[in-house]
Amino acid sequence: MGFSIKLAPGVRVRASSRGVRTSIGPRVARVHVGAGRMGISTGVGPIGYYSSLGGGGSRSRSGGGGSRAAGEALMTAAQADKLHRAYAIGLALVAITAIHEEEFTAAQRPMVPPPMPVDEAAIRRAYTEAALKGVSVFRRSVRKALTADAAARATAAAAQESAERRIACHQEQARLDRLWEALLRNDPSVVMDQLGSAFEDNKAPAAPLGVDGSEATLTVLIPGEHTMPEQVPGHTAAGNVSIRKMTKRERDELYTLLVAGYLLVTVKEAFAVAPSLTSVRIVAVSSAGRSAYGKRRGHAVAAAVISRESLIGVHWSTVDARTVLGDVASELLLNERGANKVLHAIDLSTEPELDAIMSAIDFDELGDA
């Protein structure tokens, strides 16, 4: 008997009589670590296998010289290196295929913490020390009077400081409330600032381009295809771990998942930080080098319109990003060619609205991916 707990999207811990085992990633590229041997499994898309990443001959249960522990310790340096490489590749696959699973905390009305309490005792000590400075300890009556006066002034100063802190907190809360109300009204400048701040630390650089009513227009810069892994873990007929070169079809499908993943996760973040947005118009772009004038430029590789409502109920951890994108987008523009549906740059000559959006993107300011 055992149990299973989902700690986070794509991360599940299973406990049984054999021990604790952690699975990381979606079905399409899942790494298993813990009780038993480490393994990598996939079950969606172009790659499908389960490999025990420890090599594997049969285990003898008969008596004699060797024990199972001793046999498993005979891994060569080459096997260990291959094991670690396979693990690293598996994690890279997980990182790509699980991009769209990231969750964001919905924005809440910002609250200013209560003011720090005034240390009246410290104020009193300071006032008393100042009042008694240079007064002889033998002038007891004078020191007593000065101490009483210092205490009274310290109490008044502490009360004044406490009142000023409360006023400062009140004013700051009022300022934050105005911003929050403006955000809820979808004030363009406030929403743009909120989105810009949220996107600052994104792995794929993103930027807001405009806000019209309750719809925001965004762009996200997708890493180039050269960033895709070139190898994939597998196993030999004997069950040992192997590493092979990824086929072009596998790389193409993986890149499509990358594009869809970054597009979706950017939309999810936008809805989280701007709670009154009802839809997002987004363009995923890739770098196209620099012009003859040294200015960076790019290609549009995907464009979509996605509503907040369409994301309700999505099974993020069990469905791949390309499928999710196709199901949630009310408008979707992808230039997929051939039987393998390879992504190509969108022809802007037939898409005047998209061409206008592309013209508004400052690729130098957007950053690098």
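- Salt-bridge formation is not detected for the pair K133/E129: no Lys NZ or Arg NE/NH1/NH2 atom is positioned less than 4.0 Å from an Asp or Glu carboxylate oxygen.
- Between S197 and V273, the closest side-chain pair of non-hydrogen atoms is not below 4.5 Å.
- T97 places a side-chain heavy atom less than 4.5 Å from the side chain of L254.
- With a 6.0 Å radius and a threshold of 12 heavy atoms from other residues, nucleotides or ligands, E164 has its CD atom above the threshold.
- Using a distance-only test at 3.5 Å, with no hydrogens or angles considered, a donor-acceptor pair links the side chain of S330 to the main chain of V305.
- The minimum heavy-atom distance between L218 and P208, with the atom names listed, is CD2-CA, 3.8 Å.
- Between the side chain of R251 and the main chain of P229, a donor-acceptor pair closer than 3.5 Å is present.
- In this structure, CG on L221 lies 10.5 Å from OG1 on T266, to the nearest 0.5 angstrom.
- Between L263 and A304, the closest heavy-atom pair is CD2-CB, 4.3 Å.
- Annotation for H170: atom NE2 does not count as buried by contact number, only 12 or fewer foreign heavy atoms lying within 6.0 Å.
- With 3.5 Å as the limit, one finds a donor-acceptor pair spanning the side chains of T155 and E120.
- The backbone N or O of S287 lies less than 3.5 Å from no partner atom in the side chain of R296, so there is not a single donor-acceptor pair.
- Of all heavy-atom pairs between C169 and P114, the closest is SG-C, 4.4 Å.
- Between L334 and L343, some side-chain heavy-atom pair lies under the 4.5 Å cut-off.
- Taking all atoms of both residues into account, the shortest heavy-atom contact from A206 to N202 is CB-ND2, 4.3 Å.
- With 3.5 Å as the limit, one finds no donor-acceptor pair spanning the side chains of S317 and E101.
- K203 has no carboxylate O lying under 4.0 Å from a charged side-chain N of E102, or vice versa, which leaves the two without a salt bridge.
- Under the 4.5 Å side-chain heavy-atom criterion for grouping Ile, Leu, Val, Met, Phe, Trp and Tyr, L348 is connected to I361 within one hydrophobic cluster.
- Counting heavy atoms from C-beta outward, V265 and F104 have side chains that approach closer than 4.5 Å.
- Classification of R178 and E181 as a salt-bridged pair fails, no side-chain N sitting under 4.0 Å from a carboxylate O.
- Closest non-hydrogen pair, A107 versus P275, comes out as CB-CD, 4.2 Å.
- Contact annotation: the side chain of I96 approaches that of M228 to within less than 4.5 Å [non-hydrogen atoms, C-beta and beyond].
- For the salt bridge (Lys or Arg N to Asp or Glu O under 4.0 Å) test, no residue two or more places apart in sequence or in another chain qualifies with D362.
- Side-chain N or O atoms of R308 include one that pairs as donor or acceptor with a backbone N or O of F271 at under 3.5 Å.
- Both L354 and L366 sit in one connected hydrophobic cluster of ILVMFWY residues. Membership requires side-chain heavy atoms under 4.5 Å apart, directly or through other members.
- Between the side chain of H100 and the main chain of L325, no donor-acceptor pair closer than 3.5 Å is present.
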Please output the side-chain donor-acceptor pairs of residues 136-144 that fall under 3.5 Å, not counting sequence neighbours, one pair per line with the distance.
from, atom 1, to, atom 2, distance (Å)
S136, OG, F138, N, 3.2
R143, NH1, V135, O, 2.9

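- Taking 4.5 Å as the limit, some side-chain heavy atom of L311 sits within range of a side-chain heavy atom of W316.
- Going from atom CE of M246 over to atom CG of L93 covers 5.0 Å, rounded to the nearest 0.5 Å.
- The shortest heavy-atom contact between A274 and V191 is CB-CG1, 4.2 Å.
- Other residues, nucleotides and ligands contribute at most 12 non-hydrogen atoms within 6.0 Å of the CG atom of D212.
- Residues K341 and T256 form no side-chain contact, since every pair of their non-hydrogen atoms from C-beta on lies 4.5 Å or further apart.
- Residues passing the salt bridge (Lys or Arg N to Asp or Glu O under 4.0 Å) test with D252 are K248, sequence neighbours excluded.
- By the 4.5 Å heavy-atom criterion applied to side chains, I357 and T219 are not counted as neighbours.
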ask   = Under the side chain to side chain contact (heavy atoms under 4.5 Å, CB included) criterion, do Q173 and M111 qualify, and how do the steps go?
value = CA-CA 7 Å; Q173 185 63 59; M111 298 296 296; 4.0 Å; yes
